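This one's a predicted model, so the numbers in the text were calculated from it and none came from an experiment. Quick note on labels: first sequence line is chain A, next is B, and so on, each numbered from 1.
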Number of protein chains: 4
Amino acid sequence: MRADAARNRARLLEAAEKVFAAKGVSVPIDEIAAAAGVGVGTLYRHFPTKEALFEAVVVSRLESFVHAATDAATSDEPGRVFFDFLYRFARQAALKRDLFDALLVAGIDIKSQCADLVGELEGGIEHLLERARDAGDVRADVTVKDVIGLVMGTCNAASQANLDEAACDRMIGVVCDGLRADG
Amino acid sequence: MRADAARNRARLLEAAEKVFAAKGVSVPIDEIAAAAGVGVGTLYRHFPTKEALFEAVVVSRLESFVHAATDAATSDEPGRVFFDFLYRFARQAALKRDLFDALLVAGIDIKSQCADLVGELEGGIEHLLERARDAGDVRADVTVKDVIGLVMGTCNAASQANLDEAACDRMIGVVCDGLRADG
Amino acid sequence: MRADAARNRARLLEAAEKVFAAKGVSVPIDEIAAAAGVGVGTLYRHFPTKEALFEAVVVSRLESFVHAATDAATSDEPGRVFFDFLYRFARQAALKRDLFDALLVAGIDIKSQCADLVGELEGGIEHLLERARDAGDVRADVTVKDVIGLVMGTCNAASQANLDEAACDRMIGVVCDGLRADG
Amino acid sequence: MRADAARNRARLLEAAEKVFAAKGVSVPIDEIAAAAGVGVGTLYRHFPTKEALFEAVVVSRLESFVHAATDAATSDEPGRVFFDFLYRFARQAALKRDLFDALLVAGIDIKSQCADLVGELEGGIEHLLERARDAGDVRADVTVKDVIGLVMGTCNAASQANLDEAACDRMIGVVCDGLRADG
DNA sequence: CATGAATGAGGCTTCATTCAT
DNA sequence: TATGAATGAAGCCTCATTCAT
């Protein structure tokens with residue numbers, strides 16, 4: 001791939017992330033192209049479909065989470081590491097508001113690549129969860145999906161309600177305390 | 001109001017609730033009319049705008065919550081009543097998936113009536129929360145908005161992820177335990 | 001026809017005249033029914049079509065002009081009578097602004113009854129014109145259609161431009177002077 | 001601007017002029033697009049609104065009138081030039097039937113550019129009128145608005161009644177004679 | 001290869017007319 | 001019979017996608 005093509009692709013992803021976040025998934029694709037400083041044609045050369053562009057944005061987000069989970073996998077303080085991960089996860093999700101919502105809500109099905117990554121991410125978190133549970137730091141009855149749902153849901157709610165960072169931390173704190181408790 | 005008009009209005013609300021929930025707010029309005037078994041014109045006679053229809057659906061939902069909060073306001077077991085309310089709230093929200101998300105996400109501003117009801121509902125929950133807090137059953141640092149965000153967010157997440165009722169209860173359980181804890 | 005039916009018909013005609021004049025021919029028919037204080041159903045019982053209602057309105061207007069022309073037919077001052085008629089005609093037309101415009105412009109073809117009345121009116125004016133011409137008070141080269149066009153066109157223009165009565169009189173004065181002149 | 005875009009814009013203007021003239025302002029916009037041999041989308045790329053398209057058509061017409069008025073401004077035979085202008089004006093207006101009516105009648109407000117041009121045109125004609133009046137060739141009591149109303153109204157009437165060119169000339173002749181007369 | 005003009009299906013809404021009450 | 005609710009074709013406009021430049 002030529003250097004300028006690569007640069008355009010990067011610009012498009014960045015612009016798409018911003019614009020999707022700011023205006024929702026239903027934003028006209030021309031607006032994204034404009035924000036990236038390229039023509040629609042160029043956008044379509046890199047992403048065959050609006051949906052494909054959206055997926056690519058989500059994928060890039062997921063990837064960073066997967067890396068974080070992998071990095072945290074081999075600590076010797078499983079509990080601390082697990083909860084730290086949740087906080088970091090939450091903060092990220094809170095920052096990039098509307099994107100995950102959009103992903104979950106807007107009726108755009110997650111496809112191929114995305115599904116794989118989601119699986120990987122779940123796997124990574126499950127690993128962290130199990131180690132924390134084995135160490136007695138997390139109650140026994142919750143599943144990965146519960147954990148992800150709790151954190152993501154809370155973040156979404158916080159961002160949708162325009163709550164500040166303090167509120168978001170407080171809410172995640174509640175969730176973490178709930179996870180620690182003996183049920 | 002004539003009998004048939006009332007029947008059609010009810011059908012429309014019901015259909016809209018279902019269809020919005022199943023396919024998101026961006027569903028074509030004709031589909032709702034078809035689901036209700038009436039022509040588009042009839043829909044527009046009852047609701048002057050797609051947005052108005054959506055609002056009406058949300059309002060009817062909110063109203064039932066407000067009633068529940070009011071009913072629970074005068075118990076002598078504030079803690080139990082508060083958490084019971086949250087469970088009921090959650091179960092309702094989980095059943096009617098995607099609607100509240102949509103409300104919060106889809107860029108449709110809440111208007112007039114809706115805003116009032118939301119305010120009322122917040123007031124009602126705040127009352128329950130304060131009584132439970134005064135009774136020492138809930139930690140001191142959380143606000144109504146936190147509570148609502150936690151419950152709603154969790155429910156949304158659960159429904160989006162197609163989790164079953166058990167998972168949803170488990171998640172709400174985590175949240176409630178977190179709220180009980182001393183922070 | 002029952003008394004109340006007749007009253008409804010009259011009310012509808014009156015309302016239609018006002019509403020058409022105020023808002024143009026493209027006004028929704030419900031608005032006319034509402035202005036007349038009856039339901040649309042009643043309107044349709046009296047006039048099978050929006051166009052038919054419009055035609056009826058125009059007919060009633062034309063009839064009054066025809067009567068005026070007939071009344072003026074037998075004067076012994078043909079010139080004065082002719083120009084007086086034009087002034088009266090103009091004033092009427094100017095008052096009921098938008099109706100004739102609408103009639104002429106809006107693509108609604110004149111039908112049956114209307115056409116007959118227009119013919120009658122033209123006949124009446126032609127009679128006045130001929131007598132005035134024979135008396136040497138009007139130049140020889142103009143036709144009835146010219147006269148009607150000049151007066152109606154001027155009135156329409158005046159009303160469209162929101163000119164006041166003085167301006168309208170001035171303009172008709174110009175036209176009349178032009179008609180008097182020897183060409 | 002790209003060559004094809006310019007060509008399409010021109011085609012659209014031309015088609016719009018014809019179609020508006022033939023069928024009135026209420027003609028569906030798809031019909032204009034079809035007449036121009038382009039898709040609706042193209043029409044909307046060039047003119048953001050039906051009204052904007054209409055305005056553009058009117059503007060192009062007005063411009064030619066303004067130029068004519070400017071060209072005639074510095075003659076040394078003010079009377080002849082003034083009446084010549086009116087004849088030319090009339091002939092143009094008569095050719096493009098229904099457009100100006102539509103403009104004046106159909107409830108489409110003249111906006112920005114249009115208003116400016118109308119002002120310019122009025123100014124131009126006023127200049128001609130004053131010079132002709134000063135030369136003693138036109139009666140003293142008429143205003144520009146009167147003159148414009150008389151000519152435009154007459155032309156509209158002529159075209160609406162499907163009168164031929166001779167009749168139109170005759171009618172304008174009457175108006176001009178009326179303007180010359182001493183009132 | 002980049003651009004942005006062109007396309008047209010499809011969305012929301014209006015309104016003349018019909019029909020149940 | 002009067003009413004006004006129901007109907008649905010048709011209008012205006014948007015926007016994902018294709019294609020000429």
- Taking atom CD of D/Glu14 as the centre, report whether more than 12 heavy atoms of other residues, nucleotides or ligands fall under 6.0 Å from it. no
- Message: I need the CG-P distance between C/Leu12 and F/dT3, as an integer number of Å.
- Response: 10 Å
- Separation of E/dA20 P from B/Arg7 CZ (nearest whole Å): 12 Å
- Between D/Thr49 and B/Ala6, just flag the one whose closest nucleotide in DNA chain F comes earlier from the 5' side. B/Ala6
- Message: Could you measure the distance from the CZ atom of D/Arg45 to the CG atom of D/Asn8? Nearest 0.5 Å is fine.
- Response: 11.0 Å
- Query: Relative to the 5' end of DNA chain E, which residue comes earlier, D/Asp4 or B/Pro48, by the nucleotide with the nearest heavy atom?
  - Reply: D/Asp4
- Between atom CD1 in C/Ile32 and atom P in F/dG4, what is the gap in whole Å? 17 Å
- Whom does F/dC19 pair with, Watson-Crick or G-U wobble, provided both distances fall under 3.5 Å? E/dG4
- Task: Please determine, for the side chain of B/Tyr44, which listed nucleotide (E/dC1, E/dT21, E/dT14) has the closest atom?
- Result: E/dT14
- Query: Is any side-chain nitrogen or oxygen of D/Thr42 closer than 4.0 Å to OP1 or OP2 of E/dA5?
  - Reply: no
- Would you indicate what D/Val40 reaches in the nucleic acid, counting non-hydrogen atoms under 4.0 angstrom: base, sugar-phosphate, or nothing? base
- Decide yes or no on side-chain contact (heavy atoms from CB on, under 4.5 Å) for A/Tyr44 and A/Ile29, but give the supporting numbers first. CA-CA 10 Å; A/Tyr44 272 90; A/Ile29 213 161; 3.7 Å; yes
- Query: To the nearest 0.5 Å, how far apart are NE2 in C/His46 and CZ in C/Arg11?
  - Reply: 10.5 Å
- Looking at the side chain of D/Ala5, which of E/dT14, F/dA6, E/dA6 is the nearest nucleotide? E/dA6
- Item | Selected nucleotide, minimal atom distance to B/Asp30 side chain, candidates E/dT13, F/dA16, E/dT18 | E/dT13
- Task: State the CG-CG distance between A/Leu13 and A/Leu53, to the nearest 0.5 angstrom.
- Result: 6.5 Å
- Item | Nucleotide F/dA2, atom C1' - distance to CZ of C/Arg9 in whole Å | 17 Å
- Message: Considering every strand and a 4.0 Å limit on heavy-atom distances, what is the contact class for B/Asn8: base, sugar-phosphate, or nothing?
- Response: sugar-phosphate
- Message: Using whole Å, what does the distance between atom C1' of nucleotide F/dT18 and atom CZ of A/Phe47 come to?
- Response: 19 Å
- Quick one: does C/Lys18's side chain have a donor or acceptor within less than 3.5 Å of a partner on C/Ala35's backbone? no
- Checking all strands, does C/Ile29 fall into the base, sugar-phosphate, or nothing category for heavy-atom contacts under 4.0 angstrom? base
- Note on the structure: Of E/dA5, F/dT3, F/dA6, the nucleotide closest to the side chain of D/Arg45 is E/dA5
- Message: The side chain of C/Pro28 is closest to which nucleotide in this list: F/dT14, F/dT18, E/dA16?
- Response: E/dA16
- Query: Do any side-chain nitrogens or oxygens of D/His46 fall under 4.0 Å of OP1 or OP2 in E/dA6?
  - Reply: yes
- Query: If you find the nucleotide of DNA chain E closest to A/Leu43 and the one closest to D/Gly41, which residue's nucleotide is nearer the 5' end?
  - Reply: A/Leu43
- Query: When the distance from CZ of B/Phe54 to C1' of E/dC12 is rounded to whole Å, what number comes out?
  - Reply: 17 Å
- When rounded to whole Å, the NZ to P distance for the pair C/Lys50 and E/dT18 reads 15 Å
- Distance, rounded to the nearest Å, where D/Arg11 contributes CZ and E/dA6 contributes P: 10 Å
